[in-house]
Structure formats: C-alpha cells, structure tokens
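Per chain, numbering begins at 1; letters A, B, ... match sequence-line order. All heavy atoms count here, side chains included; hydrogens, waters and symmetry mates do not.
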Amino acid sequence: MTDSKYFTTTKKGEIFELKAELNSDKKEKKKEAVKKVIASMTVGKDVSALFPDVVNCMQTDNLELKKLVYLYLMNYAKSQPDMAIMAVNTFVKDCEDPNPLIRALAVRTMGCIRVDKITEYLCEPLRKCLKDEDPYVRKTAAVCVAKLHDINAQLVEDQGFLDTLKDLISDSNPMVVANAVAALSEIAESHPSSNLLDLNPQSINKLLTALNECTEWGQIFILDCLANYTPKDDREAQSICERVTPRLSHANSAVVLSAVKVLMKFMEMLSKDLDYYGTLLKKLAPPLVTLLSAEPELQYVALRNINLIVQKRPEILKHEMKVFFVKYNDPIYVKLEKLDIMIRLASQANIAQVLAELKEYATEVDVDFVRKAVRAIGRCAIKVEQSAERCVSTLLDLIQTKVNYVVQEAIVVIKDIFRKYPNKYESVIATLCENLDSLDEPEARAAMIWIVGEYAERIDNADELLESFLEGFHDESTQVQLQLLTAIVKLFLKKPTETQELVQQVLSLATQDSDNPDLRDRGYIYWRLLSTDPVAAKEVVLAEKPLISEETDLIEPTLLDELICYIGTLASVYHKPPSAFVEGGRGVVHKSLPPRTASSESTESPETAPAGAPPGEQPDVIPAQGDLLGDLLNLDLGPPVSGPPLATTSVQMGAVDLLGGGLDSLVCPGPLWIGGPNFVAPPAAAVPASLGAPIGSGLSDLFDLTSGVGTLSGSYVAPKAVWLPAMKAKGLEISGTFTRQVGSISMDLQLTNKALQVMTDFAIQFNRNSFGLAPAAPLQVHAPLSPNQTVEISLPLNTVGSVMKMEPLNNLQVAVKNNIDVFYFSTLYPLHILFVEDGKMDRQMFLATWKDIPNENEAQFQIRDCPLNAEAVSSKLQSSNIFTIAKRNVEGQDMLYQSLKLTNGIWVLAELRIQPGNPSFTVRLSLKCRAPEVSQHVYQAYETILKN
Amino acid sequence: MSASAVFILDVKGKPLISRNYKGDVAMSEIEHFMPLLVQREEEGALAPLLSHGKVHFLWIKHSNLYLVATTLKNANASLVYSFLYKTVEVFCEYFKELEEESIRDNFVIVYELLDELMDFGFPQTTDSKILQEYITQQGNKLETGKSRVPPTVTNAVSWRSEGIKYKKNEVFIDVIESVNLLVNANGSVLLSEIVGTIKLKVFLSGMPELRLGLNDRVLFELTGLSGSKNKSVELEDVKFHQCVRLSRFDNDRTISFIPPDGDFELMSYRLSTQVKPLIWIESVIEKFSHSRVEIMVKAKGQFKKQSVANGVEISVPVPSDADSPRFKTSVGSAKYVPEKNVVIWSIKSFPGGKEYLMRAHFGLPSVEKEEEEGRPPIGVKFEIPYFTVSGIQVRYMKIIEKSGYQALPWVRYITQSGDYQLRTS
C-alpha cells in the first residue's frame, strides 16, 4: 500500500466531498480524508476552506493523524488566524499529555503557528515544557523559545524565558544544552547588543564539556557559539584550542569547518613563537585536505574557505599544492576554485609543476575554465619572477593555437606581464599584432591598444594600427575608448610629426562627440596639457608607471579578518561580509579577529596586512584597469610643479563658512590648510614648506584611527597658558590646556573679553592634525561675553577627525570665530593626552615586540633632576596611562619596563633606568616604537609628567 | 543560522514536498530556483549556492531530484549541505531509493521525518536507525501512551538503543582501501593517495564497549612499540563516526566507542604516501582525422604475485563519432559503450606481475564534427582482496560488555580503485 493514491482524487466537488469525509464518524475514514487534504496541500492546492473541519480532527488519540492535522495547522493558521484559536485548547491539553512525544509535538507545532493571538496562550505550556522531566520535551521547548522570540521578542523577555533558556545551558542532557545554545545564538544574532550568551570562562568550560557528548549538529552549534567568544589571554585561547582540535577528526565536514573557524580565530591570539602555534598549524592541514574528498557542494564550501585560509595563513597549506590539481570529472565550480588556490600557492618551488598543469587545462574544452587557466598562467608570471620567461613562452604557444578566446585571454595577461617586467618581453609584440583582427572582446582590445600605445616607438605601423581602431570609435566600449585615447596621445608624444592629425581626430571624438563624462574629461585634460605645455604632457603621459603586484586580487585585510570569523557560512562562500547580503539590521554585527596585542602589532606581519609593511618594500598595488586615469589624477594630489598656487582647489574643497569669508587672499602655496586658508596670526614660527609634501605611505598606519576605551584615570594637566593674546585677536584672549580624564580628552579653555564690545557667536575648528584631534561637540558659550568677563569652557575632543602629519607632530592649528572676526592660532599639545587606558601590554608580548622592533627605531633620552624612586616614578606615570609591566634591579639600578598606547593604536615601549644613588638624579629613558617620529614627544611627555 | 525551509523538487523544479521551518522566506520564492539554475548553467557560473534578491538557495542533486534549502541569513553553509546529504541518506534507508515515486508513495512519513530531522532550522535527530524506532513505516498505529520517544534520541549515546540482544555476538570488520591516482599524459604521477575506511557490521548484545587497535605509527611511538618488528602505518588524517571518543583519541590514540547496531562506517583515514600504481596503464591513441582511430593499451599489475585483482575494468575514451569497433585482447573482453564514448576492457582476474594488451580500431566519419571534444582520462576499476596497500592491520578488537559474553571479531581486507585516472594525450 502506498500513499500515492491520495493524490489521485481530482474529481469536481472534491472539497465538498472531503468535508463530508472529515466529519465522518469513522476514525479510519477521517484519517483517510485528512491524508487526502494533506496530499492536496502538498501539490499546492488551496484547501484552507477545510480549516474548521480539519481542526475538528485534532482531538484524536491517533498520533499519525495528530501529526497530519498539526502539519495542516502550521500551513494555514496564518491565513485563518481567527479560526486558529480553535486549536489552542487542544494544544494546551496536549502539552500535558502523559506521552512526551505528544507534549513535544504540541510545543513544537505551537511555536510554528505564527499568529500573534496564539502566542499568549503558548506561554504557560512552554514554561512547563522547559522544565519537563523528559529531555526530548525540554530540547524541543528550548527551540520553541527562539521561535516565540521571532514572533514576539518582547513577550519572551517579559516572561523571563531567556533566563530559563540560559539555565538550560547547564542541563544534564547534552542535546538540551546544544539546542539551548542554538536558540540563544539565534536570538543573540538579532539582538547583537544584548549580552545574552554571556560567555565567560565558566560557561565556556560547560560548553566544551558538552561538546564531547552531543550529536554532530549540537557540536556545530556549540563550536559556532565558541567562535563568538574572545578569550582573555593567549593561555585561555590555547586551552580552548586544545579542546577543540579533536573535532578535526569528526566525519561530518561541517563539524570540521566549524572547528577550523574557532582555531583560526583563536590562533590570532597566540604568539608565533609558541611551540603550540606550530603544532596547531600542522594539525590544520590534513583535515582541510580531507575536506576535498567530501561531496562536491561541501568541497566547494571548503575550497572557498581554503581560499581565505591560504590568504590569512599561507604556511598551513604551502606543501599541499598537488591536492588542488583539477580532475576531469570535478564540477566546474570546483575546478575554478581549485585553480584560484593553485595560483595562491604557486611559488618558485612548485612553479614548474603548476605551469605544466595550467598548460594542460588551457587546452581543455570548457571555455570558462580555459580562460581562467590562461589568466592563471599570467598571474604566475607576475607572482613568481623566475617563471616569467617560461610563462610567456607558454602563452605564445597558446596564441599559436589560434583558438579565439585563448588568444584574447593571453593578450590581456601579457599586457600585465609587460607592466611587471618592462623592456623584457617586447620581442613578442610582433606575434601579438598578428592577432589584432581576431580580438572582439573589449578587455582584449583595450589590452592590445595599450600595448601598441606603450610601445609605439617599436611598432612601425603603430599609427595605422591605432587608426584602424579609430574608425569605429563610437561603437567601442568605454574601456576601449579610454585606452585608445591614451594610446594615441602616447603615440603623438613619441612620434609627433606623423601623428598630429590622428591625435586631433581622437581628441575631438572624445571631447565633442562623446556623452561619456570620463572620456570627455580625460580628453580635455590631454588637450590642455598638450596645448599649454607639451613637455609637462610628456612627463605626465609617459611617466614611469608604478609596478604592478601579483596580489591585486587579494582580499583586503580587514575584510579577510572578518571573513575568517565567518568560516563555513554563506559569507565565506560569497567572500562578502554578511552586511552585504543580509537584509536589515539582523545579524550584521561586524566581527573581527581578537587582537593579539594591538592593531599595530598585527599589521606588521606581512602575510596578514600588506598595507602595513614598511614603505619601499611594498610594491604599489594598483588595479590593472584604468591605470592611466590613476596617473593623471595623482597630479592633483601631489605638490604643484610650478606656477600659481592652487587657489581653486582650496576654495572648492573648503565648505566651511567659518573659515571662508573674505580670506581668499590668504591662500597658502601648498595644500596645507585644505578646507580653508592658512592661519593669519601664527604665534609659532612659520610652517616649513616641506609640510606640503604628501604624507609617506609608511605613515598611514600611524594614523590608523582607533580611540582608546577608558578606565578611570586622570593624566597630568599642565597649567593654562595663553594661546592667543588679546592684541592679536581684537580683544579676545584665549588661554587653555589639555586634559585627559576617564578616557576622554578635552581642551579646557578660558576666554576673556578684553575689548569694549560684547562678543557672541563663538565657534571653533581645528585644522587636520597628526592624530585626528577634533572637537567632539561645538564650542558652547551660553551667554554673550561682556567686556572684561571671563568664561571657562571644557571642550570635549575626539580623535576621529581628519589626519595629516604635522610638523612638529603635536602641532594643532585652531581657528576661533566670534561676531567680530576669525582668529587663528596654533598650539602644541602634550602627547600624553593621547595615551589610552588599555595601554598595558602583556609581558610576553612586550618581550616579543621589543625584539621585533628594529634597533634603529630605538631612541635614548635623559631626564635630569628627577629625584624620584622607582615606585614613585611608576605610580606617577601610571596615572597618565604609562604602564609598568616589569621591574628589575640590575647592578644597583632600577629598570622599569613600560608600555603605552596612543589613540591611533601605536604602541610605545620604554625602558627606564633609575639610579637611586646618582647625584644628578638622572633617569635614562629608551623608547622603542614602530613609528619613531613619536619618540621625541613621548620623551617630552615623560619629562613633563615626572617633573610635575 | 541555518535553513529556513527545505524543498524537494522534481527535475523540472516543481516542488514535490516541502517543509517551512522558520517562516521568514515566502514559500513561493522557490519558483525562482529553477530559472536561476538554468540561467547560471548557461552562463557557466553554476554553483551550489545561488541567490535571488535576498533569498539564498543551497542545493544538491540526488538522482532526478533537487533538494533545496532557502535562507535569508548568513547561514552555516557547510551545515546545510551536510544536513541535506544526511536527509538523503535517511530517506534512502527508509525507502531504499529516493526518487519522485518514493516520495509520493510515502509523503506522510516524509512529512513526519522532515519534522523530526530539523526544528526551526536546527538539525535534530538524523540517525535513521534511531528514527526507525519511533517513526515507523507501516502507518503509525501506535496508540496514545504506548508510543514513546526512545531515550536514545536525547542520550549522550544517541546512536544505540538499550536492550539489543543477539544469540551469537559477532563483529565483522572490513578494512577497505581505495587508491586515488592521477597521472598526466607523460606518465608521471601527479597525485597518489590512499583513502581507507573501516566498516563494521555489529551484532552485539547490550551496550558493549569496544576498543580497536591498529598498527598506527603515532600510537606505536607513544607506547614505545616502534622499533619492534611490527610495521606501522602513519595515518595522515583520520575521521571518525560520532560514536568514537575524539578527545580520547586525541590524548592517547585509543579508538574507543560504543558502536551503533548493524552496519556503519567507523572511521576513514587518508595517506598520501607514494605507492607504486597498482595497475599501470600505457596507452597510445592515434587519431587519423576523417578515417580511423587506433588504440593500444597495455596494462600491468604492479603488485605482489600472490595477489589477484578481480573485476578489472579499464575504460578508454573514444571520439563520440567513432563507429565500427574492432578489438583484440590478450586476455578478457572489450566492449564499446557508445553512450559513454568509451571502450571497456574487462579482465575478471588479473594476477600481480602480469602484463596484458588490448588493441582497438574505430572508423571515423569523413565529415568531421564541429565542436571540439574534451580529452577524458582512462579510468581503471579493480579490487584486490586480502591486501591493503598501506599495510594497515587490525591488531585487536576488544569487546567488553557488562554481561561478560565472549564475542568474535572477524577481519577482512580489501584494496580497490578509487578515483583512478590516467590522462591521455
């Protein structure tokens, strides 16, 4: 007997007939009727009209029938909310049934009936079921809390269900624990701020114990929950890792990936010097490789994640290249992902093998795969310098096959190879030119045009070639048009005599006949450059290009770190943060890896964050496309070559009325005060011209903006000093000082009116400065300031303003406005207002960091006349957030090892040497910091604090 | 966190049955699935994860059915795929085959199972043996008060019920090693690995405590057995059935467990130690356009002379437009399988050290096909009994039950082909 017969009743008047059967007295007939109803529902017929009749069958002692009626209810209750109430009584009754299967069934179904009116009735039964003696009922009730929360969050909170749920984490039954964890995680996801899970070492320990006992799915819930926890130090991280690693041997791939997520995240906190760190790395490789024998969909998820892992910690899989070789019967999505990982793992050691494989792939028949394989050869050439020559010859072989899409891909990658290795492989240009006519894809055409333009002097008929493209100019895609424009201008600059007509033609096509603003703008820029200063034009257009790097497709480090926290989830498959594809505010909390010690620390390891590498070592990473446009735009940002000041720039960008009016004449020659004119009344010396120079890229990490979190402390406050004398500000005298208290910085100002008129309408603004100091609130002077009156104001500051390196580093330029005029002054702030409260470095980390920072970054200072002993020094400094990590006595000298952290995350490490017997009371200070520029100012802060 | 709803669709994308677990995705969204799938396939961008608007579809295909999970959230994708495969496994064990017909024939049970397998997107009980204890196939006739949840469902030992009884207590252990091989057209081995599984067939009463001893190198080193005459094997990655105590294994490499009843896979392991390819193939495929293809294949058994490979099947690709096959084999028989575009050369028994030859000749049409064809590799299937390539051995299987019965373990070894491919030029 099969159930398929229930699908076959398709007579007319079916509903009517069913109604009769449902109301039959015979149990068997009723059941048959319900089955028919469900069958109709399954094939998508609307049987909601039978609602009352089906609900009438609910009170039955037949479990199968009950299940079917419940199923019906779940489907149609929402469309018949009023009638759904009819079912409530039975639900409540079933929740007290002696059979746990029925109790659980009732509580499970009730939660799925998303009708507000019903939820109220659900509370009491749910409360009982949460405390049921049978674990099967409790585990079902735990999930029901999450369901109810989804329908009515307030109700769940009011009824105290969340607390009951939290208690279930300590339940004796592992499955109850697992479901409670799952439910809480689900709820917490929609309420990111609520500290629902309240993870602490005790609760973590409970979870880790349950991990050994619950089902595979429960293990995943627990592991995913653990991944949200941040251990307090590296020792805790290690001990959790030790208890999670056995999960890597689980047969379920999802358990393995969730365990990998926890390990990858917590590993961040472990020092690389630890033996355990190396052990863990070794343990990760085999399970990752084994994931490749899973079902293709799971392989795909694994590969997408391995792609992230390889970028984050390349050392894990560096010897496992072979397992990523593509098999003939792999699905295409697996093939493409494997290819991507192969390139990431390519190195000098394995390049020969990789190239042989890629060449094999490039002759397959699947177009997408072949294209990607050809592209991969190019990427190898750029990545592994030693292989470039072999790659180029492989590409030439492929071009000889004349397979259209292979040729086009090859040309696109050869362009990049030319960029990477200038003047090395140009001999192949002739071969490329032979294939000019077969190119029909914009990217390939653009690449070819670029090549012709770039090497115009070596290609005899370059003008003819480019001219041939020009005929169909308006039919080309923007990419090709832009490239053609640039190429012809290059050609003109190289061979001006023969190509004047051509360049005229392209310029007029681009500027007059085009609707595309990018194209027009680029056209005009060239036109003006060529007409005003051809020499400058040459310098610009034929400028040396920055090298391209192999890693243009690397995921940006902060995103990568976020994605590592999402291993195994959709985010890790899409390589996008959840906020990019999850609707609304739910579940879009940004996750980040736990800090090892500080952000400055983690950015130093080259594999994690290329952006943080020292200047000079880091090749400029620029996108392969639109590169010339980039070159052009850079012009505006660099220092002006000559000529008039860039007055227009500063006016356009200065959208500040405060600094605007009537001061246009005071424009500075460099982009120093972008957003307004230079200050008029500098109390300090004039600003050195060098200030206008662009900020070195190496300093960018210096200006990484993170504000410190505060604990209670009060730093040393200097007495107020006069910053703006009255005679320079039409009677307004400003004196002030800086304070740091409880983690917040403020500027304490004293404004005195020494003029004869009332002052009103005060406002304040800071110029960009080294640490992004900016007023956190407007300057509030509540009443007008009468003559001879003084007012004290504390202006809160933050460090999220714009950043520009100042000279000296702690220089702050301020503009104050009142009803009379705008006044400018500059002041130097003591650096210790930027020392944050969590500046105490872990001891081991201190040692590692001290060793890690090169010796040339060490600065030595002496603080004379400081009669304090080590204790006094330490406590004095501590109140200004300089923390003593260790103390040692060496040959009668007290050595203090200290750390402090600036608001932008820069750590400064100090060694303080105090000689108690020293008659001149000299204290020696050694400072080590990755940004040595700050040392001088840190020393000054030390001196100020210690002497006051 | 996980799936919002699960659908089973027929090959045209029509829903056969579905279960809405969370109610946050409209059930009608599934209508977008098939058009999306077709579109992606045409674009050559087909992936197991598709999205339409804010709805994400995670799907797998089983015979002619699609199993699709929908979600709006950043769900745990590996969990969802793993769950879908588990669902297939459960249905297969219930209905033997999972296909359109079996779903229609059993839709009541399918609904019941879907209800028990997952709750609000969280997978629950997915062990079919345990499920069969309380969701039975013969239209549930259990009366109230009689049908109970087996305590096993929520026990820490959620895979074995209490009170199992056998007259004769026995355990059958199958050690099966599959050899994966990838050889490039020049004849150099690109990848060679062994994937082993240990399968158990358990007929034991009560709640027995089992301990399996292997010649695991790490264990030998831990216990000081290394250096003795015993040969040991280094297992690169080991995966266990959920019954095995993983932390115990992590601690002292002891494989201890309370087994489920009946058949199950206890563990799998992987070794990437290079072994000589057990059956080595040399081939010459010469294609004379517009006229003929000539194929010569030489197969060599590179294993011990005492061993014999059974059921050897060597499949050699031929162009899809080939015709009029002619074969000559030194042993076994060759057969042309046009629907797969291969010649299959079967050899019933292939002793170690022997070398055999097959020649095939095909005609080609004078008008050539336009589209290019791929170059599928030569595939080999075989089975060598009483032998493991890795040298792994079951040293002991200790069975302890509180009633103190004596139980006998039986061990069988077999090596077979896994993904065994040799590329052709």
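No option in A/Val573, A/Val301, A/Thr569 other than A/Val301 meets the side-chain contact (heavy atoms from CB on, under 4.5 Å) test with B/Ser78.
Each of B/Pro377, B/Ser247, B/Ser82, B/Gly53 has some count of heavy-atom pairs under 4.5 Å with chain A, and the biggest count is that of B/Ser82. Most heavy-atom pairs under 4.5 Å with chain B, from the set A/Val289, A/Val323, A/Ile567: that is A/Val289.
Side-chain contact between B/Asp419 and A/Asn329 is present, with at least one heavy-atom pair separated by less than 4.5 Å. Side chains of B/Pro48 and A/Tyr333 form a contact here, defined as non-hydrogen atoms less than 4.5 Å apart. Contact of the B/Gln124 side chain with the A/Trp217 side chain is not registered, since no non-hydrogen atoms from C-beta on lie closer than 4.5 Å. Between A/Lys322 and B/Leu190, the closest side-chain pair of non-hydrogen atoms is not below 4.5 Å. Contact check for A/Arg304 versus B/Leu49: no side-chain heavy atoms found under the 4.5 Å cut-off. At least one side-chain heavy atom of A/Thr215 sits less than 4.5 Å from a side-chain heavy atom of B/Gln242. Taking the side chain as every heavy atom from C-beta outward, B/Leu72 and A/Val582 never approach each other to under 4.5 Å. Between B/Asp250 and A/Ser249 the shortest side-chain heavy-atom distance does not fall below 4.5 Å.
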Pair B/Tyr111, A/Tyr70 - check side chain to side chain contact (heavy atoms under 4.5 Å, CB included), show working. CA-CA 11 Å; B/Tyr111 273 129; A/Tyr70 277 5; over 6 Å; no
Tell me, with the steps shown, if A/Thr42 and B/Arg104 meet side chain to side chain contact (heavy atoms under 4.5 Å, CB included). CA-CA 10 Å; A/Thr42 305; B/Arg104 226 183 270 282; over 6 Å; no
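Here B/Lys22 pairs with A/Glu186 in a salt bridge; the nearest charged N to carboxylate O distance falls below 4.0 Å. Between B/Arg375 and A/Glu364 there is no salt bridge, since no side-chain N of the basic residue sits under 4.0 Å from a carboxylate O of the acidic one. A salt bridge is defined here as a Lys NZ or Arg NE, NH1 or NH2 lying under 4.0 Å from an Asp or Glu carboxylate O, and A/Glu357 with B/Arg423 meets this definition.
Between B/His56 and A/Tyr574, the angle of the ring planes lies from 30° to 60°, which puts this pair in the tilted group.
In this structure, the side chain of A/Lys67 does not engage the main chain of B/Asp115 through any donor-acceptor pair within 3.5 Å.
Of the two parts of B/Val238, only the backbone, made up of N, CA, C and O, holds a non-hydrogen atom closer than 4.5 Å to a non-hydrogen atom of chain A.
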